[in-house]
Amino acid sequence: MATGSKPLRADAARNRDKLLAAATRAFGEHGLDAPLEQIARSAGVSIGTLYAHFPTRDAFVDAILPAQIAALDELATKALAEPDPWQGFTEFLDGLFALQAKDHGLNDALARRMPLSPAVLEACHAGFVHAARVLDRAKESGQLRADFEPEDLAPLVSAMSPLIHEPTATWRRHLAFFLDGLKVS
């Protein structure tokens, strides 16, 4: 990484970009515990170059995950624009779990399988605030159970997280069971 305000040399910047791309792929495919040696190999650099740019796994996670977690903002914006609050809520959850299914590193982070850095926790908190607005809107419409609280989303994400590794039909089926239990008849 650049120290102070000194920019990276062009070759060092290219190596950093290759490492970020390789880490994004590896974490997405294998989760946050993907081997760093594999990431270095995939980027075509030495493990020393990897550690020169990213001295810890957390440094990679901090460089990658906040932007990926920010995708929840877009999901919440779409959900809040949906005229039917229940439909917006269900589409938000479906979109959230679809993102987790697509990116196993994001799944690990949102399910809190590993300790998260302050930067990633801050991004998660921001996503949670947006999700709470979607949830509150569905409750205010009378379509979502009044006793379902924003804090109940974290256990739901943790419970659904292992199912994400199953075929899409499996986690969507279980999400439908869960939503049936939350919908006010």
Side-chain angles (χ1 to χ4, degrees), residues 23-34 57-58 60-185:
T24 300
R25 281 189 309 274
F27 291 159
E29 293 172 12
H30 306 290
L32 294 179
D33 57 355
R57 181 178 302 277
D58 287 344
F60 265 128
V61 172
D62 286 351
I64 295 168
L65 279 180
Q68 293 174 326
I69 292 169
L72 298 180
D73 298 347
E74 184 179 325
L75 287 175
T77 299
K78 287 180 182 177
L80 292 168
E82 169 62 46
D84 178 359
W86 177 256
Q87 186 67 29
F89 175 68
T90 62
E91 288 176 4
F92 176 81
L93 289 179
D94 186 77
L96 169 63
F97 296 128
L99 284 174
Q100 287 179 246
K102 182 179 168 189
D103 187 323
H104 294 259
L106 181 62
N107 186 40
D108 287 349
L110 293 178
R112 306 271 172 98
R113 284 209 177 90
M114 301 176 85
L116 301 175
S117 73
V120 175
L121 286 173
E122 184 179 325
C124 285
H125 177 72
F128 179 78
V129 168
H130 295 295
R133 289 179 44 222
V134 172
L135 186 151
D136 288 343
R137 183 171 169 255
K139 282 173 57 173
E140 289 167 6
S141 76
Q143 298 177 79
L144 176 62
R145 289 173 53 142
D147 61 345
F148 188 74
E149 297 297 328
E151 295 78 23
D152 295 323
L153 287 174
L156 170 61
V157 169
S158 292
M160 290 292 286
S161 179
L163 294 174
I164 296 301
H165 298 287
E166 301 294 324
T168 302
T170 301
W171 67 259
R172 282 212 163 103
R173 189 169 135 256
H174 286 267
L175 177 58
F177 294 151
F178 177 79
L179 289 170
D180 284 347
L182 287 178
K183 184 152 177 64
V184 173
S185 302

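We count residues from 1, following the sequence as given.
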Side chains of [X] and [Y]: does their closest heavy-atom pair fall under 4.5 Å?
{"X": "P150", "Y": "D136", "value": "yes"}
{"X": "D108", "Y": "F27", "value": "no"}
{"X": "N107", "Y": "F97", "value": "no"}

Step through the shown structure and confirm whether more than 12 heavy atoms of other residues, nucleotides or ligands are within 6.0 Å of CD on E122.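 Incorrect, the count does not exceed 12.
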Can you see which heavy atom on [X] is nearest to which on [Y], and at what distance?
{"X": "L72", "Y": "L110", "value": "CD1-CD2, 4.4 Å"}
{"X": "Q143", "Y": "P85", "value": "NE2-CD, 3.6 Å"}
{"X": "L32", "Y": "R57", "value": "O-NH1, 2.8 Å"}
{"X": "W171", "Y": "A101", "value": "NE1-CB, 3.8 Å"}
{"X": "L75", "Y": "G95", "value": "CD1-C, 3.5 Å"}
{"X": "P66", "Y": "V120", "value": "CD-CG2, 4.2 Å"}

I'd like to know if the side chain of K139 and the backbone of L144 have a donor-acceptor N/O pair within less than 3.5 Å.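 Not a single qualifying donor-acceptor pair exists.
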According to the interplanar angle, ranging from 0 to 90°, do the rings of W86 and F89 count as parallel (below 30°), tilted (30 to 60°) or perpendicular (above 60°)?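 The rings of W86 and F89 sit tilted, inter-plane angle from 30° to 60°.
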Apply the test side-chain contact (heavy atoms from CB on, under 4.5 Å) to residues F148 and L153: give CA-CA distance (whole Å), side-chain angles for both, the deciding distance (0.1 Å), then the verdict. CA-CA 9 Å; F148 188 74; L153 287 174; 4.0 Å; yes
Quick check for you: to the nearest 0.5 Å, what is the distance between [X] atom [atom1] and [Y] atom [atom2]?
{"X": "T77", "Y": "F92", "atom1": "OG1", "atom2": "CZ", "value": "10.0 Å"}
{"X": "M160", "Y": "L156", "atom1": "CE", "atom2": "CG", "value": "6.5 Å"}
{"X": "Q100", "Y": "L163", "atom1": "CD", "atom2": "CG", "value": "11.0 Å"}
{"X": "L182", "Y": "D152", "atom1": "CG", "atom2": "CG", "value": "8.5 Å"}
{"X": "K102", "Y": "Q68", "atom1": "NZ", "atom2": "CD", "value": "9.0 Å"}
{"X": "D103", "Y": "L65", "atom1": "CG", "atom2": "CG", "value": "7.0 Å"}

Ion pair present between K78 and E74, side-chain N to carboxylate O less than 4.0 angstrom?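 E74 and K78: salt-bridged.
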